[in-house]
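Below: the structure, in structure tokens.
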Protein chains: 2
Amino acid sequence: MDAPGTPTLDEVARLAGVSRATASRAVNGSSRVSDRARDAVEAAVRSLGYVANPAARTLATRRTDSVAVVVPEPDDRVFSDPFFGRTLTAVNRVLAERDLQLVLLLARPGEEEDRTLRYLRGGHVDGAIVVSHHRSDHLAEHLGGLGLPCAFVGRPIVGADRVAWADTDNVAGARLATELLLERGCRRIGHVAGPGDMAVGQDRLAGHLAALDDAGLDTEPVEHGDFTEASGEAACARLLTAYPDLDGLFVASDLMARGALRALAAAGRSVPDDVAVVGYDDLGADHCTPPLTTVVNPAGDLAERATRLLLARLDDPAAVPEPVLLPPTLVRRASA
Amino acid sequence: MDAPGTPTLDEVARLAGVSRATASRAVNGSSRVSDRARDAVEAAVRSLGYVANPAARTLATRRTDSVAVVVPEPDDRVFSDPFFGRTLTAVNRVLAERDLQLVLLLARPGEEEDRTLRYLRGGHVDGAIVVSHHRSDHLAEHLGGLGLPCAFVGRPIVGADRVAWADTDNVAGARLATELLLERGCRRIGHVAGPGDMAVGQDRLAGHLAALDDAGLDTEPVEHGDFTEASGEAACARLLTAYPDLDGLFVASDLMARGALRALAAAGRSVPDDVAVVGYDDLGADHCTPPLTTVVNPAGDLAERATRLLLARLDDPAAVPEPVLLPPTLVRRASA
DNA sequence: AGACGGAGTGGAAGCGCTTCCACACTTCGC
DNA sequence: GCGAAGTGTGGAAGCGCTTCCACTCCGTCT
């Protein structure tokens, strides 16, 4: 809703003594404008406090200059997750470079999903970034069919070959973690895995199993958690009961690892001497006791890369999306 | 950006055998349309998959059907704060009732602030909700001058008399907390206060002091923290040193209270027998040891109320904004 | 000197929608 | 039976912007 007396381009043009066409060109920094005209227009803009009407501009250009960030499952857990905040700030930062606006779409699956899809179809935004923090619903498929440029933060669990995405190589990262435990001489290595319906959960488990397989060790000791501290504690306790000779533990997230450390302490095992522990994410890992050796999961980087993928598609819609897969980094601290 | 073959209202009208005017009325649910025409239009809409072009609609109606949520200080801390997530989901829920879209504006003070103000001035949104989680910058003043309907979640520290806002009565809440300690028989009551430049910090301190004043007790024992756990621990430790006879403690947030509990444990004081403790927020208070008696700070409610205030202003821009001040609730647990 | 190309400009046609207004057609009260 | 009121409808005028196109000046090249 404009304020009552919002100045239009017409008034700017009149004040500057040029036509509306020239005023428009000057405002948009087109080259085909004389210095004299440009200066006059700029002065008029300043004196009138002119701001272009975005709706009119969008109608004429078919660009909205805004990008949606779609969060499929906006429960409280998503928001309290530090990943989310870092993702949002990173996306926002990159979009700001191009003066693009971030529109947040909280899409609770079900009734809300329709609304979201309608919004995306409706031409409100030029593109979408999907934070597929959890399982990616059917969003990847739907968006693909929509013809709307989009990019995923984190590899979508289905349709990954048809949309752009950025992720860290979770398989390689998990492999790194487990191989560190092997190097230390661990021979009975357990894994507290994430949910099986999330790409990160699957990949980290796969990397872990591959490393054990290569070493010819038993791949049995695996328990699943749901990325909460409590679930990590419980899963670790189950592992200790089933495999009392456990001497190494790879946990699929630092938060769960924190729970696992508590379970180990409760069981009287010392870390890393009795059981060496490696986490994942590098999220508060240095505040654990003992400080956690872990694999870095750079949320901000990922979000930035995904956003740049989207920008590239906006620049050239025909370009084939090339996924970004960042190599993992291991941070050694005291726990392994 | 529309997909290439996006159907327009013209095509719908043609297919339905009516004029564009009638089609528009039918689509917008106007009353002055015959059943026959309405059915025909609806059928055409369905068969064409018509979605109204929002830019054209905005241009014609001067409504954008979207509302900005302005977050003045989007550092990681804000996002990891559970308040933020609850606020956002509550706002989104209420907006969804009216089919309004949420546009998130992350406004790092400084360079970004201009951009934000320009955006708000530019007619991109019908109104704004400001999450004045921290000190409220100059936003209240600027927005007031802009003529853009807005509402604040949490009383703005300046300009509170000129904009709509919703908050809990932090003064009364703090009073409730301290009076509980008085009832228990505490006679040397300390306070770990929040930052002095935030309304919540000021108000909770004021309520506390008023209660002590009424009881004729010493109001001296006050230390400030910054709402982090560590600052609460340090502030409590300082209080214990300065006032070894402390027997009651009101802490301005549960997170700081958690730190205070740790300081008390370290000092060998038992809670609540040696020192009774009351927190504020009811945020993870039941997971402390001992479970924390605290004052509820209903973030979701607040956000909902603020959003409804904004909706009311959108309906009737002339209406005088009446602030909402929710009464506080005390939750008794084991710590006091 | 005349033809040519490029730079700068303005006129005007849209972009897709809403809504005012005028009109035709019913229905009602007297 | 006739004017008044009410109901649906279509024509057309915008909303404020961008951009194609045509046009006028220039300086430059044969």
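In the text below, chain A, chain B and the rest are named by the order of the sequence lines, each starting its count at 1. No hydrogens, no waters, no symmetry mates; every other heavy atom, side chains included, goes into these values.
Not a single ring pair (Phe, Tyr, Trp, His ring centres under 6.0 Å) links A:Tyr50 to another residue, sequence neighbours left out. Qualifying side chain to side chain donor-acceptor pair (under 3.5 Å) partners for B:Arg308, counting only residues two or more places apart in sequence or in other chains: B:Glu97, B:Glu304. Residues satisfying the salt bridge (charged side-chain N to carboxylate O under 4.0 Å, His left out) test with A:Asp301, not counting sequence neighbours, are none. With sequence neighbours excluded, no residue forms a salt bridge (charged side-chain N to carboxylate O under 4.0 Å, His left out) with A:Asp35. Not counting sequence neighbours, the partners of B:Arg57 by the side chain to side chain contact (heavy atoms under 4.5 Å, CB included) test are B:Val27, B:Asn28, B:Ala52, B:Thr61. The side chain to side chain donor-acceptor pair (under 3.5 Å) check on A:Thr168 picks up A:Asn297, with sequence neighbours excluded. For the side chain to side chain contact (heavy atoms under 4.5 Å, CB included) test, no residue two or more places apart in sequence or in another chain qualifies with B:Ala312.
When rounded to the nearest whole Å, the span between CG of B:Asp35 and C1' of D:dG8 equals 12 Å.
Residue pairs meeting the side chain to side chain donor-acceptor pair (under 3.5 Å) criterion with at least one member in residues 309-324 of chain A, sequence neighbours excluded, are A:Arg98-A:Asp315.
A donor-acceptor pair under 3.5 Å is formed between the side chain of B:Thr58 and the backbone N or O of B:Arg63.
For the helix from C:dA1-D:dT30 to C:dG29-D:dC2, the angle separating the two terminal helix axes comes to 50°, with each axis derived from five pairs and the value rounded to 10°.
Of the two residues near DNA chain C, A:Ser19 and A:Leu59, the one whose nearest nucleotide lies more 5' is A:Ser19.
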Contacts under 3.5 Å, N or O only, protein and nucleotides 17-22 of chain D:
residue, atom, partner, partner atom, Å
D:dC17, OP1, A:Tyr50, OH, 2.5
D:dC17, OP1, A:Asn53, N, 3.3
D:dC17, OP2, A:Leu9, N, 2.4
D:dC17, N4, A:Arg20, NH2, 2.7
D:dT18, OP1, A:Asn28, OD1, 3.3
D:dT18, OP1, A:Asn28, ND2, 2.9
D:dT18, OP1, A:Arg57, NE, 2.8
D:dT18, OP1, A:Arg57, NH2, 3.1
D:dT18, OP2, A:Ser24, OG, 2.6
D:dT18, OP2, A:Asn28, ND2, 3.4
D:dT18, O4, A:Arg20, NH2, 3.4

Output side-chain donor-acceptor pairs under 3.5 Å for residues 38-49 of chain B, partner residues at least two apart or in another chain, one line each.
residue, atom, partner, partner atom, Å
B:Arg38, NH2, B:Val33, O, 3.4

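Within residues 38-45 of chain A, no residue has a heavy atom under 4.0 Å from DNA chain D.
One finds a side-chain N or O of B:Arg62 lying less than 4.0 angstrom from the OP1 or OP2 phosphate oxygen of D:dG16. In this model, the phosphate group of C:dT9 is approached by a side-chain N or O of A:Ser34 to a distance below 4.0 Å at OP1 or OP2.
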